[in-house]
Amino acid sequence: MKSRIIFIITLFAITLVPVFSGEVITLDAARKIAISNSNALKSAASAMDKAQLEKAAVKYSWYPDISVNAGYESSAKASGSVSATDNTPSAGISLSQQIWDGGVTAVNRKITSALFDGTVYEWENTLLGVIRECDNLYYSYIEAMSQADSARASFHTAEILKASALARYESGIISKVSYLEVKSGAAIKETELIQTESAVKTAGRELASYLSLEKAPETGESSLSAFESYLETVNLYRSANGDDIPENLLLTGIKNSPALKIKTLAVSQAELEKSLKIREYNPVVNLTAGSTVSDISDTTRNTSISLSASFPISRWDRKNTLKQSDISITSAKTSEDEALREYTVETANAWVELVSSAQAVSSAGIALEYAEEYYNEINARFMLSAESISTLMDAEADKIDAQSSYTTAKFDFLKNISELIYLTGLESSNRLIDILKE
């Protein structure tokens, strides 16, 4: 737990590095901004602080209770013509110390310590969720821009083809029907461009909102620099080991997952609650000591020491109370087992999604190469009037579709990596790749 707290403190320190609006923002920088600005993380951190104070409060409750008092009494007496004034100052100190509380405080300290650990795990779980959401929004933004770039290039090509078709139509080389087909295709490409540019604005606004920026940031190419390395590693692992999730990755996830830690901690808390109820029936011993000077002028001192013990004898509800505790423990263990089962399935499915998306990238990449080669061949033949405009437009549409499929597959792969990082509680994509290389 101490090492995890050190990690959290270090991460907070990292997030204090400023990132200014207008700079190129890489994925790592976007994560730091998201972490720094996350209200959910701030709330989780406040819960940690509160739990830490509650933990300290239990420790302080075992300290002695010391109090001091002071007084001054003045009285006047009169008898006939004679009067007298009696002034009596007094002071005292008292101390009360619990000698034995049946082990209640010791168990309470363990309970508050467990509660604090729980807030740490909640913080970690929130942190991983923030990173996953940031990654998804960041990748969606880049994907939208990539799709818009393809649509822009396609529209530019369509405009060139339209101008060429007009010249050919006016020269009587092609029919009006063919020319209108080209014009219609160009209009469709323009519509697609408008739609993709709108998608970029939407994705940009969502990312900017999540990062608390005034406008969508400029993104850096370095964010995708490790893509090929990740893809190669996943494909190599699959070729050598098949589609099953790596055992060491699953075990690492079970060990690191904050969500599973919370479930395991709930079992410990239920057991501690039972232990506390048992100790509430133990005897309690208190020591009280006091010293009072009732008249400071003649130092009259009264000193007292008392030792008291109490033992609860109302035990008729003890059996019922402990049975309730046993039910709570059983329920917590059942919840823990179910969480582990669901986690194992979810993580295995996430691995399959990652492997499938890696295959999809490779397949889409090959399809794109073929589509580009086919389009170049048809375009060359079209320039020699050996192919029709309709065939060229079909080839160009196939190329655009292949480009879109490749872009989608690539970013699905990156998003699946983020999902697996979230589930396994790893700090970075590099750590995931290192596990696959072990």
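Each of Ile35, Ile421, Leu27 was evaluated against Ile131; a single residue qualifies, Ile35, per the side chain to side chain contact (heavy atoms under 4.5 Å, CB included) test.
Taking a 6.0 Å sphere around CD of Glu373, one finds it holds 12 or fewer heavy atoms contributed by other residues, nucleotides or ligands. In the displayed structure, Arg152 atom CZ is contacted under 6.0 Å by more than 12 heavy atoms of other residues, nucleotides or ligands. Few gaps surround CD on Gln324; more than 12 heavy atoms of other groups in view lie less than 6.0 Å from it. More than 12 heavy atoms of other residues, nucleotides or ligands lie within 6.0 Å of NZ in Lys42, so this atom counts as buried by the packing criterion. Lys183 NZ: 12 or fewer foreign heavy atoms inside a 6.0 Å radius.
Going from atom CD of Glu387 over to atom CG of Leu392 covers 9.0 Å, rounded to the nearest 0.5 Å. Within the model, atoms CH2 of Trp351 and OG1 of Thr424 stand 11.0 Å from one another, a figure rounded to the nearest 0.5 Å.
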Discussion item. Please evaluate residues Thr408 and Phe413 with respect to the criterion side-chain contact (heavy atoms from CB on, under 4.5 Å), reporting the C-alpha separation (whole Å), side-chain torsions for both, the decisive distance (0.1 Å), and the verdict.
Written reply: CA-CA 9 Å; Thr408 299; Phe413 174 77; over 6 Å; no
Discussion item. As a quick check of understanding, evaluate side-chain contact (heavy atoms from CB on, under 4.5 Å) for Cys134 and Tyr210, giving each step before the final call.
Written reply: CA-CA 7 Å; Cys134 177; Tyr210 195 73; 4.0 Å; yes
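Salt bridge present: Lys189 and Glu396 bring a charged side-chain N and a carboxylate O closer than 4.0 Å. Electrostatic pairing of Asp28 and Arg31 counts as a salt bridge here, judged by a charged N lying under 4.0 Å from a carboxylate O. With respect to Lys437 and Asp434, no salt bridge is recorded, no charged nitrogen being found less than 4.0 Å from a carboxylate O. The pair Lys263-Glu338 fails the salt-bridge criterion, with no side-chain N (NZ, NE, NH1 or NH2) lying under 4.0 Å from an Asp/Glu carboxylate O.
At least one test fails for Lys415 against the ring of Tyr139: distance under 6.0 Å to the centre or angle within 45° of the axis.
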